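Notes follow the structure.
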Amino acid sequence: MKLLESMQIYLRVAEQGSFTAAADSLGLSRASVSGAVQQLENLLGTRLLHRTTRSVQMTQDGRVFYERSRDLLADMDDLQNLFREDTAALKGRLRVDMPLSVARDLVIPRLPEFLRRHPDLEIELSSTDRFVDLVREGFDCVLRVGTLEDSSLIAQPLGHYRMVSCASTECLAERGTPRTLEELAGHRLVHYVPSLGARPPGFEYIDPREPGAEKFLPMEGAITVNNTEAYLEACRAGLGIIQVPEAGVHPYLESGELEEVLPQYRPAPMPVSLVYANRRHLPRRVQVFMAWIAEIMKPRLI
């Protein structure tokens, strides 16, 4: 039996958790399905499945092989459709990572329309403040906000987030609304750091008299967080000033719960990019998804 056929049979057994159920769904005999998996294990030199009288479960090696095989078979589908313009038959898995606020407020609400167009796609969506290792962790693409450092990856710039400094109305009622940098002395920042223990840089701003020069003003803070959700909630609780993309706090600014402070001293706009590994040919499913992300992000960027 051909290797690709054996891989397809193995995937079905792994997904069904049963040789009998896999055989029925594939229209094959149970013996041929079991034999195909056995040949695959002999070829690879490792056990892929734990077999008992009641169930079939993947081994650790079997799970790794399952993930790689699923991606490989999806790539084969892409190769067969490489020169077709019709994208309705996109298949396979997409593993993507993006900030939680982008996933929650923008991507997930619009995802049903994308999947209606491409019902055979399966999406694994990671949302974390941690910078994932795109290659080692097997991501197809990631949406990153901020300056990029890894030059081995390819970045597609999408635009910039306009940044704002804001505080809760209760905080400003208690401490006053600062009109100058000097008046920040009576306020506190909510500090954000990627890893607790790092030194917060302070209040970031661009001096209008020196366009393009980023500056930092050290400020005290009652709380330091390493999570964007906690960062926003600390501000809403009146614990101090935060500096965030305007798109992420727009509803709170509109409702009056939060107020922008020192708009003449905004932080530098933050770049937004789609990043992917240095592959000669991106699978079509990744290209289509990236184009969709770029389109729905456009209204929020400058």
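From a predicted model like this one, the values you see are computed outputs, not experimental measurements.
Proximity of Phe114 to Leu121: side-chain heavy atoms (C-beta onward) are separated by under 4.5 Å at one or more points. Looking at heavy atoms from C-beta onward, Tyr192 lies in side-chain contact with Thr228 at the 4.5 angstrom threshold. The shortest side-chain heavy-atom distance between Phe289 and Val96 falls under the 4.5 Å cut-off. Leu148 has its side chain within reach of Ser273: a pair of non-hydrogen atoms, C-beta onward, lies under 4.5 Å apart. Looking at Val145 and Pro271, their side chains never come closer than 4.5 Å, going by heavy atoms from C-beta outward. No side-chain heavy atom of Pro269 sits under 4.5 Å from any side-chain heavy atom of Tyr161. Contact annotation: the side chain of Tyr265 never approaches that of Lys215 to less than 4.5 Å [non-hydrogen atoms, C-beta and beyond]. The shortest side-chain heavy-atom distance between Thr59 and Thr46 does not fall under the 4.5 Å cut-off.
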Could you go through the side-chain contact (heavy atoms from CB on, under 4.5 Å) check for Phe131 and Asp97 one step at a time? CA-CA 9 Å; Phe131 266 21; Asp97 178 79; over 6 Å; no
Evaluate the criterion side-chain contact (heavy atoms from CB on, under 4.5 Å) for residue pair Asn226 and Tyr231; output intermediate values, then yes/no. CA-CA 8 Å; Asn226 64 349; Tyr231 191 52; over 6 Å; no
Worked verdict on Arg12 versus Glu5 for salt bridge (charged side-chain N to carboxylate O under 4.0 Å, His left out): CA-CA 11 Å; Arg12 189 62 60 88; Glu5 292 177 358; over 6 Å; no
Would you please test Val288 and Arg117 for side-chain contact (heavy atoms from CB on, under 4.5 Å) and show each step? CA-CA 11 Å; Val288 170; Arg117 276 184 263 165; over 6 Å; no
Please report the C-alpha distance between Lys298 and Ile293 in whole Å, then the side-chain angles of each, then the deciding distance to 0.1 Å, and finally whether the side-chain contact (heavy atoms from CB on, under 4.5 Å) criterion is met. CA-CA 9 Å; Lys298 189 183 299 182; Ile293 287 289; over 6 Å; no
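The side-chain tip of Arg266 does not point at the ring of Tyr205 from less than 6.0 angstrom away and within 45° of straight on.
Panel note: side chain Ser34, backbone Ala31; no donor-acceptor pair is recorded below 3.5 Å. Looking only at distances, a side-chain donor or acceptor of Arg285 sits under 3.5 Å from a matching main-chain atom of Arg93. Between the side chain of Thr224 and the backbone N or O of His191, no donor-acceptor pair lies under 3.5 Å. For the pair Asp140 (side chain) and Arg95 (backbone), a donor-acceptor distance under 3.5 Å is present.
Side chains of Glu259 and Thr169: no donor on one and acceptor on the other come within 3.5 Å.
Membership of an apolar cluster is not assigned to Phe216, as no side-chain contact below 4.5 Å to another ILVMFWY residue is traced.
Arg104 CZ: more than 12 foreign heavy atoms inside a 6.0 Å radius. Atom CD of Gln57 has 12 or fewer heavy atoms from other residues, nucleotides or ligands within 6.0 Å. Annotation: Glu220, atom CD; neighbour count of heavy atoms from other residues, nucleotides and ligands within 6.0 Å does not exceed 12.
Pairs of residues two or more places apart, or lying in two chains, never qualify as salt bridge (Lys or Arg N to Asp or Glu O under 4.0 Å) while including a residue from residues 163-181. Every pair tested for salt bridge (Lys or Arg N to Asp or Glu O under 4.0 Å) that includes a residue from residues 180-193 fails, sequence neighbours excluded, so the list is empty.
Distance check, rounded to the nearest 0.5 Å: CZ of Arg63 to CG of Asp61 gives 12.0 Å. In this structure, the separation between CD on Glu295 and CZ on Arg110 is 8.5 Å, given to the nearest 0.5 Å. From Leu94, atom CG reaches atom CZ of Phe139 across 12.0 Å, with rounding to the nearest 0.5 Å. The distance from atom CE of Met270 to atom OG1 of Thr147, rounded to the nearest 0.5 Å, is 7.5 Å. Within the model, atoms CG of Leu189 and CD of Gln243 stand 6.0 Å from one another, a figure rounded to the nearest 0.5 Å. Distance check, rounded to the nearest 0.5 Å: CG of Asp105 to NE2 of His250 gives 11.5 Å.
Both Ile296 and Leu90 belong to a single network of hydrophobic side chains, linked directly or stepwise wherever heavy atoms of I, L, V, M, F, W or Y lie under 4.5 Å apart. Residues Met7 and Val56 share a hydrophobic cluster, clusters being chains of Ile/Leu/Val/Met/Phe/Trp/Tyr side chains in contact below 4.5 Å. Cluster annotation: Leu239 is not connected to Ile241 through the hydrophobic network of ILVMFWY side chains, with a link wherever side-chain heavy atoms come within less than 4.5 Å. A continuous path of hydrophobic side-chain contacts links Leu40 to Leu28 [ILVMFWY only; heavy atoms under 4.5 Å]. Using a 4.5 Å cut-off between side-chain heavy atoms of Ile, Leu, Val, Met, Phe, Trp and Tyr, with links allowed through other members, Met163 and Ile206 fall into different hydrophobic clusters.
Considering only residues two or more places apart in sequence or on other chains, Arg236 meets the side-chain hydrogen bond (donor to acceptor under 3.5 Å, both in side chains) condition with Glu233, Glu257. Remark: Leu100 pairs with Ser127, Glu229 by the side chain to side chain contact (heavy atoms under 4.5 Å, CB included) rule, at least two apart or across chains. Residues meeting the side-chain hydrogen bond (donor to acceptor under 3.5 Å, both in side chains) test with Glu246, sequence neighbours left out: Arg162.
Residues Ser69 and Leu11 come closest through the heavy atom pair CB-CD1, 3.5 Å. Across all their heavy atoms, Gly62 and Met58 have their closest contact at O-SD, 3.8 Å. Nearest heavy atoms, Pro208 versus Gln264: CD-O, 3.7 Å. Here the closest non-hydrogen pair linking Met290 and Cys141 is CG-SG, 3.9 Å. In terms of heavy atoms, Leu258 sits closest to Cys235 at CD2-SG, 3.8 Å. Looking at every heavy atom in both residues, Ala22 comes nearest to Val33 through CB-CG1, 4.5 Å.
Residues Tyr10 and Phe65 place their aromatic rings such that the two centres sit under 6.0 Å apart.
Just one residue in the list Val107, Leu106, Leu158, Val275 forms a side-chain contact (heavy atoms from CB on, under 4.5 Å) with Leu143, and that residue is Leu158.
Residues Arg116 and Glu113 are not paired through a salt bridge, judged by the lack of any N-O separation under 4.0 Å between the basic side chain and the carboxylate.
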